[in-house]
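To start, the structure under review is shown below, and the notes come after it.
Computation of the quantities below employed the complete heavy-atom set of this structure, encompassing side-chain atoms and omitting hydrogens, waters and symmetry-equivalent molecules.
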Amino acid sequence: MADDRTSAQPPDTQEPSLSDIRADIRALTGAMVTKADLQALSATLHEAIRSEVATIQRDIVAQDGRIQTLEATQLTASSRLDATDAAVTRQGNMLLQLRRQTEDLDNRGRRSNIRIRNLPEAAGEEDVQATLTALFREILGPDSPPRIDLDRAHRALRPRNADNTPRDVICCLHEYRVKEMIMNKARLKPTWRFQGAEVALYQDLSPLTLEARRALRPVTQLLRSRNIPYKWGFPFCLLARHNNEWRPLRWPDEVPAFLQGMGLPRTEVTDWILNPLEQRPNQPAPRAPRRRREDSPLRRPDRRPLNPAQHPVQPGD
(Lines give C-alpha, C1' and ligand atoms only; values in the text may rest on other atoms or scores of the structure.)
Protein backbone atom coordinates (compact mmCIF):
# COMPACT_ATOMS: atom_id res chain seq x y z
CA MET A 1 0.00 0.00 0.00
CA ALA A 2 2.89 2.32 0.56
CA ASP A 3 3.88 1.70 -3.03
CA ASP A 4 0.38 2.61 -4.22
CA ARG A 5 0.41 5.94 -2.41
CA THR A 6 3.75 6.72 -3.87
CA SER A 7 2.57 5.99 -7.41
CA ALA A 8 -0.61 8.25 -7.05
CA GLN A 9 1.32 11.44 -6.31
CA PRO A 10 1.84 13.83 -9.34
CA PRO A 11 5.26 14.02 -10.80
CA ASP A 12 7.41 16.91 -9.72
CA THR A 13 7.49 19.92 -12.22
CA GLN A 14 10.62 21.87 -12.87
CA GLU A 15 10.36 25.48 -11.59
CA PRO A 16 11.44 28.23 -14.08
CA SER A 17 14.65 29.90 -13.42
CA LEU A 18 15.00 33.61 -12.62
CA SER A 19 16.65 34.28 -15.93
CA ASP A 20 13.68 32.83 -17.76
CA ILE A 21 11.30 35.04 -15.82
CA ARG A 22 13.36 38.10 -16.59
CA ALA A 23 13.38 37.22 -20.29
CA ASP A 24 9.59 36.86 -20.31
CA ILE A 25 9.20 40.20 -18.57
CA ARG A 26 11.47 41.86 -21.09
CA ALA A 27 9.44 40.35 -23.96
CA LEU A 28 6.15 41.54 -22.47
CA THR A 29 7.55 44.99 -21.79
CA GLY A 30 8.83 45.25 -25.36
CA ALA A 31 5.37 44.34 -26.75
CA MET A 32 3.56 47.06 -24.73
CA VAL A 33 2.56 50.45 -26.38
CA THR A 34 4.89 53.17 -25.44
CA LYS A 35 4.27 56.85 -24.91
CA ALA A 36 5.97 57.64 -28.19
CA ASP A 37 3.63 55.25 -29.97
CA LEU A 38 0.61 56.92 -28.37
CA GLN A 39 1.90 60.36 -29.32
CA ALA A 40 2.44 59.26 -32.93
CA LEU A 41 -1.03 57.71 -33.08
CA SER A 42 -2.57 60.86 -31.59
CA ALA A 43 -0.78 63.06 -34.12
CA THR A 44 -2.03 60.84 -36.98
CA LEU A 45 -5.61 61.00 -35.69
CA HIS A 46 -5.41 64.76 -35.25
CA GLU A 47 -4.15 65.21 -38.78
CA ALA A 48 -6.90 62.97 -40.22
CA ILE A 49 -9.63 64.76 -38.23
CA ARG A 50 -8.21 68.15 -39.21
CA SER A 51 -8.31 67.15 -42.87
CA GLU A 52 -11.87 65.86 -42.63
CA VAL A 53 -13.04 68.97 -40.77
CA ALA A 54 -11.44 71.19 -43.38
CA THR A 55 -13.24 69.26 -46.12
CA ILE A 56 -16.55 69.58 -44.26
CA GLN A 57 -15.97 73.31 -43.77
CA ARG A 58 -15.33 73.76 -47.49
CA ASP A 59 -18.52 71.85 -48.28
CA ILE A 60 -20.49 73.97 -45.80
CA VAL A 61 -19.15 77.17 -47.34
CA ALA A 62 -20.10 75.92 -50.80
CA GLN A 63 -23.57 74.88 -49.62
CA ASP A 64 -24.02 78.23 -47.92
CA GLY A 65 -23.29 80.00 -51.20
CA ARG A 66 -25.76 77.78 -53.02
CA ILE A 67 -28.41 78.36 -50.35
CA GLN A 68 -27.94 82.11 -50.59
CA THR A 69 -28.27 81.90 -54.39
CA LEU A 70 -31.43 79.80 -54.03
CA GLU A 71 -32.89 82.23 -51.52
CA ALA A 72 -32.19 85.19 -53.79
CA THR A 73 -33.68 83.30 -56.75
CA GLN A 74 -36.74 82.37 -54.66
CA LEU A 75 -37.25 85.98 -53.62
CA THR A 76 -36.96 87.12 -57.23
CA ALA A 77 -39.37 84.41 -58.37
CA SER A 78 -41.78 85.29 -55.56
CA SER A 79 -41.76 88.98 -56.48
CA ARG A 80 -42.24 88.11 -60.16
CA LEU A 81 -45.07 85.74 -59.25
CA ASP A 82 -46.76 88.49 -57.23
CA ALA A 83 -46.38 90.89 -60.16
CA THR A 84 -47.74 88.25 -62.56
CA ASP A 85 -50.66 87.55 -60.26
CA ALA A 86 -51.46 91.25 -60.07
CA ALA A 87 -51.16 91.58 -63.86
CA VAL A 88 -53.45 88.57 -64.39
CA THR A 89 -55.97 90.06 -61.99
CA ARG A 90 -55.87 93.40 -63.82
CA GLN A 91 -56.23 91.68 -67.18
CA GLY A 92 -59.10 89.58 -65.84
CA ASN A 93 -60.88 92.72 -64.69
CA MET A 94 -60.21 94.34 -68.06
CA LEU A 95 -61.62 91.30 -69.85
CA LEU A 96 -64.72 91.42 -67.65
CA GLN A 97 -65.16 95.09 -68.48
CA LEU A 98 -64.66 94.37 -72.18
CA ARG A 99 -67.22 91.59 -71.97
CA ARG A 100 -69.63 93.92 -70.20
CA GLN A 101 -69.11 96.63 -72.84
CA THR A 102 -69.43 94.11 -75.70
CA GLU A 103 -72.65 92.79 -74.21
CA ASP A 104 -73.96 96.34 -73.79
CA LEU A 105 -73.04 97.21 -77.39
CA ASP A 106 -74.79 94.05 -78.59
CA ASN A 107 -77.93 94.97 -76.65
CA ARG A 108 -77.80 98.55 -77.91
CA GLY A 109 -77.61 97.21 -81.45
CA ARG A 110 -80.81 95.26 -80.72
CA ARG A 111 -82.75 98.20 -79.22
CA SER A 112 -85.07 98.38 -82.22
CA ASN A 113 -85.52 94.59 -82.41
CA ILE A 114 -88.57 92.61 -81.31
CA ARG A 115 -88.63 88.85 -80.91
CA ILE A 116 -92.02 87.26 -81.62
CA ARG A 117 -92.69 83.79 -80.27
CA ASN A 118 -95.27 81.22 -81.40
CA LEU A 119 -96.16 83.07 -84.61
CA PRO A 120 -97.60 80.41 -87.00
CA GLU A 121 -95.03 79.32 -89.58
CA ALA A 122 -96.08 78.54 -93.12
CA ALA A 123 -94.91 75.34 -94.78
CA GLY A 124 -93.46 77.16 -97.79
CA GLU A 125 -92.51 80.72 -98.56
CA GLU A 126 -94.07 83.32 -96.29
CA ASP A 127 -94.26 87.10 -96.23
CA VAL A 128 -92.99 87.70 -92.71
CA GLN A 129 -93.04 91.48 -92.95
CA ALA A 130 -96.68 91.63 -94.04
CA THR A 131 -97.66 89.22 -91.24
CA LEU A 132 -95.80 91.28 -88.63
CA THR A 133 -97.32 94.53 -89.86
CA ALA A 134 -100.79 93.04 -89.44
CA LEU A 135 -99.88 91.78 -85.95
CA PHE A 136 -98.51 95.14 -84.85
CA ARG A 137 -101.56 97.02 -86.16
CA GLU A 138 -103.82 94.66 -84.26
CA ILE A 139 -101.83 95.23 -81.04
CA LEU A 140 -101.72 99.01 -81.42
CA GLY A 141 -105.35 99.30 -82.46
CA PRO A 142 -106.45 102.89 -83.13
CA ASP A 143 -103.04 104.20 -82.01
CA SER A 144 -101.36 102.52 -84.95
CA PRO A 145 -99.26 104.96 -87.04
CA PRO A 146 -99.93 105.33 -90.77
CA ARG A 147 -96.76 103.42 -91.62
CA ILE A 148 -94.89 100.67 -89.80
CA ASP A 149 -91.57 100.27 -91.57
CA LEU A 150 -89.44 97.19 -90.93
CA ASP A 151 -85.78 97.26 -91.86
CA ARG A 152 -85.63 93.47 -91.76
CA ALA A 153 -87.59 90.50 -90.47
CA HIS A 154 -86.79 86.80 -90.53
CA ARG A 155 -87.24 83.54 -88.69
CA ALA A 156 -84.59 82.33 -86.26
CA LEU A 157 -81.57 81.14 -88.25
CA ARG A 158 -81.85 77.46 -87.50
CA PRO A 159 -83.56 74.46 -89.12
CA ARG A 160 -87.25 73.87 -88.54
CA ASN A 161 -88.09 72.30 -85.21
CA ALA A 162 -88.66 68.56 -85.22
CA ASP A 163 -91.98 68.96 -83.36
CA ASN A 164 -93.18 71.52 -85.95
CA THR A 165 -93.36 74.30 -83.38
CA PRO A 166 -92.83 77.67 -85.07
CA ARG A 167 -89.42 79.27 -84.86
CA ASP A 168 -89.10 82.71 -83.34
CA VAL A 169 -89.32 85.74 -85.60
CA ILE A 170 -86.85 88.61 -85.14
CA CYS A 171 -87.60 91.97 -86.71
CA CYS A 172 -85.98 95.39 -86.67
CA LEU A 173 -88.27 98.40 -86.84
CA HIS A 174 -87.07 101.47 -88.64
CA GLU A 175 -88.31 103.86 -85.94
CA TYR A 176 -87.47 103.24 -82.31
CA ARG A 177 -90.51 105.25 -81.27
CA VAL A 178 -92.85 102.83 -83.06
CA LYS A 179 -91.04 99.87 -81.51
CA GLU A 180 -91.57 101.31 -78.02
CA MET A 181 -95.26 101.91 -78.76
CA ILE A 182 -95.66 98.25 -79.76
CA MET A 183 -93.76 96.92 -76.71
CA ASN A 184 -95.66 99.15 -74.27
CA LYS A 185 -98.95 97.82 -75.62
CA ALA A 186 -97.65 94.25 -75.77
CA ARG A 187 -96.71 94.30 -72.07
CA LEU A 188 -100.37 94.79 -71.14
CA LYS A 189 -101.03 91.11 -71.81
CA PRO A 190 -98.69 88.09 -71.64
CA THR A 191 -99.93 86.77 -75.03
CA TRP A 192 -101.95 88.04 -77.97
CA ARG A 193 -104.39 85.99 -80.01
CA PHE A 194 -103.36 86.13 -83.68
CA GLN A 195 -104.12 83.71 -86.53
CA GLY A 196 -105.40 81.13 -84.08
CA ALA A 197 -102.25 81.14 -81.90
CA GLU A 198 -101.15 82.79 -78.66
CA VAL A 199 -98.31 85.08 -79.73
CA ALA A 200 -95.84 86.63 -77.25
CA LEU A 201 -93.56 89.62 -77.87
CA TYR A 202 -90.18 90.10 -76.20
CA GLN A 203 -87.27 92.48 -76.38
CA ASP A 204 -84.47 90.93 -78.45
CA LEU A 205 -81.44 90.50 -76.16
CA SER A 206 -77.84 89.39 -76.38
CA PRO A 207 -77.16 85.68 -75.69
CA LEU A 208 -74.90 86.72 -72.79
CA THR A 209 -77.75 88.70 -71.24
CA LEU A 210 -80.16 85.81 -71.68
CA GLU A 211 -77.67 83.44 -70.04
CA ALA A 212 -77.24 85.81 -67.08
CA ARG A 213 -81.00 86.18 -66.65
CA ARG A 214 -81.37 82.42 -66.81
CA ALA A 215 -78.71 82.02 -64.10
CA LEU A 216 -80.48 84.59 -61.87
CA ARG A 217 -83.86 82.86 -62.15
CA PRO A 218 -83.64 81.51 -58.53
CA VAL A 219 -83.13 85.09 -57.29
CA THR A 220 -86.04 86.50 -59.31
CA GLN A 221 -88.26 83.67 -58.06
CA LEU A 222 -87.41 84.65 -54.47
CA LEU A 223 -88.18 88.30 -55.25
CA ARG A 224 -91.56 87.40 -56.75
CA SER A 225 -92.42 85.15 -53.79
CA ARG A 226 -91.80 88.11 -51.43
CA ASN A 227 -93.62 90.59 -53.73
CA ILE A 228 -90.43 92.63 -54.09
CA PRO A 229 -90.45 94.74 -57.28
CA TYR A 230 -87.45 94.31 -59.55
CA LYS A 231 -86.35 95.24 -63.05
CA TRP A 232 -83.45 94.70 -65.42
CA GLY A 233 -80.91 97.43 -66.09
CA PHE A 234 -78.39 98.14 -68.83
CA PRO A 235 -75.48 97.52 -68.80
CA PHE A 236 -76.66 94.24 -67.38
CA CYS A 237 -77.78 94.31 -63.76
CA LEU A 238 -80.72 93.23 -61.64
CA LEU A 239 -82.36 96.08 -59.73
CA ALA A 240 -84.58 95.26 -56.72
CA ARG A 241 -86.41 97.81 -54.59
CA HIS A 242 -85.74 97.71 -50.85
CA ASN A 243 -86.40 100.48 -48.30
CA ASN A 244 -87.34 102.93 -51.05
CA GLU A 245 -84.11 102.44 -52.97
CA TRP A 246 -83.01 100.30 -55.89
CA ARG A 247 -80.23 97.85 -55.05
CA PRO A 248 -78.17 96.60 -58.02
CA LEU A 249 -76.76 93.13 -58.61
CA ARG A 250 -74.11 93.18 -61.36
CA TRP A 251 -71.62 90.34 -60.74
CA PRO A 252 -71.92 86.72 -59.51
CA ASP A 253 -69.79 87.37 -56.40
CA GLU A 254 -72.31 90.02 -55.28
CA VAL A 255 -75.16 87.49 -54.96
CA PRO A 256 -74.64 86.53 -51.24
CA ALA A 257 -74.42 90.16 -50.10
CA PHE A 258 -77.40 91.09 -52.30
CA LEU A 259 -79.59 88.33 -50.81
CA GLN A 260 -78.51 89.21 -47.28
CA GLY A 261 -79.24 92.90 -47.83
CA MET A 262 -82.69 92.05 -49.23
CA GLY A 263 -83.45 89.73 -46.29
CA LEU A 264 -83.71 86.69 -48.58
CA PRO A 265 -82.47 83.16 -47.84
CA ARG A 266 -79.22 81.98 -49.37
CA THR A 267 -79.58 80.23 -52.72
CA GLU A 268 -77.19 78.75 -55.25
CA VAL A 269 -76.66 80.77 -58.43
CA THR A 270 -74.59 79.64 -61.40
CA ASP A 271 -71.62 81.84 -62.19
CA TRP A 272 -72.70 83.23 -65.56
CA ILE A 273 -69.31 84.93 -66.09
CA LEU A 274 -66.92 81.99 -65.69
CA ASN A 275 -69.20 79.27 -67.05
CA PRO A 276 -69.38 79.41 -70.86
CA LEU A 277 -72.63 79.23 -72.73
CA GLU A 278 -73.77 75.64 -73.04
CA GLN A 279 -74.27 74.20 -76.49
CA ARG A 280 -77.93 73.33 -76.69
CA PRO A 281 -78.74 69.89 -78.19
CA ASN A 282 -81.01 71.43 -80.84
CA GLN A 283 -78.72 74.34 -81.58
CA PRO A 284 -77.37 74.09 -85.14
CA ALA A 285 -73.79 74.61 -86.12
CA PRO A 286 -73.00 78.24 -86.96
CA ARG A 287 -73.50 79.11 -90.57
CA ALA A 288 -70.72 80.28 -92.78
CA PRO A 289 -71.08 83.99 -93.55
CA ARG A 290 -72.55 84.80 -96.89
CA ARG A 291 -70.25 86.33 -99.44
CA ARG A 292 -71.08 89.92 -100.06
CA ARG A 293 -71.73 91.05 -103.57
CA GLU A 294 -68.78 93.41 -103.25
CA ASP A 295 -66.56 90.33 -102.91
CA SER A 296 -67.77 88.89 -106.20
CA PRO A 297 -65.14 88.55 -108.95
CA LEU A 298 -67.35 90.77 -111.11
CA ARG A 299 -67.03 93.64 -108.63
CA ARG A 300 -63.65 93.29 -106.95
CA PRO A 301 -61.07 95.68 -108.44
CA ASP A 302 -58.12 93.41 -107.62
CA ARG A 303 -59.37 90.72 -110.01
CA ARG A 304 -59.87 90.91 -113.70
CA PRO A 305 -63.61 90.96 -114.49
CA LEU A 306 -65.06 87.88 -116.02
CA ASN A 307 -66.59 87.93 -119.44
CA PRO A 308 -70.23 89.06 -119.01
CA ALA A 309 -71.20 86.90 -121.93
CA GLN A 310 -70.00 83.80 -120.09
CA HIS A 311 -71.50 84.89 -116.77
CA PRO A 312 -74.62 86.98 -117.40
CA VAL A 313 -75.78 89.15 -114.52
CA GLN A 314 -79.26 88.27 -113.27
CA PRO A 315 -81.80 91.09 -112.89
CA GLY A 316 -81.67 92.63 -109.44
CA ASP A 317 -77.95 91.94 -108.89
Side-chain angles (χ1 to χ4, degrees), residues 1-102 208 211-212 215-216 218-219 249-279:
M1 294 183 64
D3 295 338
D4 294 338
R5 288 194 300 268
T6 304
S7 60
Q9 292 178 355
D12 295 338
T13 58
Q14 185 177 2
E15 295 181 357
S17 63
L18 182 60
S19 58
D20 294 336
I21 294 173
R22 289 178 177 175
D24 293 339
I25 291 173
R26 289 194 202 96
L28 292 174
T29 304
M32 292 178 63
V33 178
T34 63
K35 181 178 180 180
D37 294 336
L38 292 176
Q39 290 177 348
L41 179 61
S42 175
T44 303
L45 289 176
H46 286 170
E47 185 64 25
I49 292 173
R50 189 179 297 108
S51 176
E52 293 294 332
V53 168
T55 302
I56 293 173
Q57 287 178 346
R58 288 193 298 270
D59 292 342
I60 291 175
V61 171
Q63 293 295 334
D64 182 65
R66 293 177 182 177
I67 291 173
Q68 290 180 358
T69 303
L70 289 175
E71 289 178 349
T73 304
Q74 191 271 337
L75 290 176
T76 303
S78 178
S79 61
R80 290 180 179 177
L81 181 60
D82 293 340
T84 303
D85 190 16
V88 169
T89 302
R90 288 195 303 271
Q91 292 177 0
N93 294 332
M94 293 171 61
L95 287 176
L96 290 178
Q97 293 296 335
L98 287 175
R99 171 182 168 138
R100 176 62 61 88
Q101 293 177 7
T102 303
L208 295 176
E211 189 71 15
L216 286 174
V219 178
L249 172 59
R250 298 184 178 90
W251 305 101
D253 56 0
E254 297 177 355
V255 172
F258 177 82
L259 294 175
Q260 183 178 2
M262 298 295 297
L264 299 174
R266 188 181 183 86
T267 183
E268 293 296 329
V269 175
T270 304
D271 191 333
W272 64 87
I273 299 294
L274 297 181
N275 294 338
L277 294 175
E278 298 178 357
Q279 186 77 11

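Between the CZ atom in R250 and the CG atom in L96 there is a gap of 14.0 Å [rounded to 0.5 Å]. Here the CZ atom belonging to R99 is positioned 4.0 Å from the CD1 atom belonging to I273, to the nearest 0.5 angstrom. Atom CD of residue E254 and atom CG of residue L259 lie 11.5 Å apart, to the nearest 0.5 angstrom.
Looking at every heavy atom in both residues, E268 comes nearest to P218 through O-CG, 4.0 Å. Pairing each heavy atom of L249 with each of V255, the nearest pair is CD1-N, 3.7 Å. Shortest non-hydrogen contact noted between P252 and D271 is CG-OD1, 3.1 Å.
Residues R100 and W251 have side chains in contact (heavy-atom distance under 4.5 Å, counting atoms from C-beta outward).
Applying the salt bridge (Lys or Arg N to Asp or Glu O under 4.0 Å) criterion to E47, with sequence neighbours excluded, gives R50. Residues that satisfy the side chain to side chain donor-acceptor pair (under 3.5 Å) test with S42, not counting sequence neighbours, are absent from this structure.
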Test side-chain hydrogen bond (donor to acceptor under 3.5 Å, both in side chains) on N93 and Q97 and set out the steps.
-> CA-CA 6 Å; N93 294 332; Q97 293 296 335; over 6 Å; no
How far apart are the C-alpha atoms of L208 and W272, what are their side-chain angles, what is the distance that settles it, and do they pass the side chain to side chain contact (heavy atoms under 4.5 Å, CB included) test?
-> CA-CA 8 Å; L208 295 176; W272 64 87; over 6 Å; no
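A distance-only check finds no donor-acceptor pair linking the side chain of S78 to the backbone of Q74 [under 3.5 Å]. No donor-acceptor pair closer than 3.5 Å links the side chain of S51 to the backbone N or O of A48.
Using modelled atom types and a 3.5 Å distance limit, the side chains of R58 and T55 yield a donor-acceptor pair. Judged by distance alone, the side chains of D59 and Q63 never bring a donor and an acceptor atom under 3.5 Å apart.
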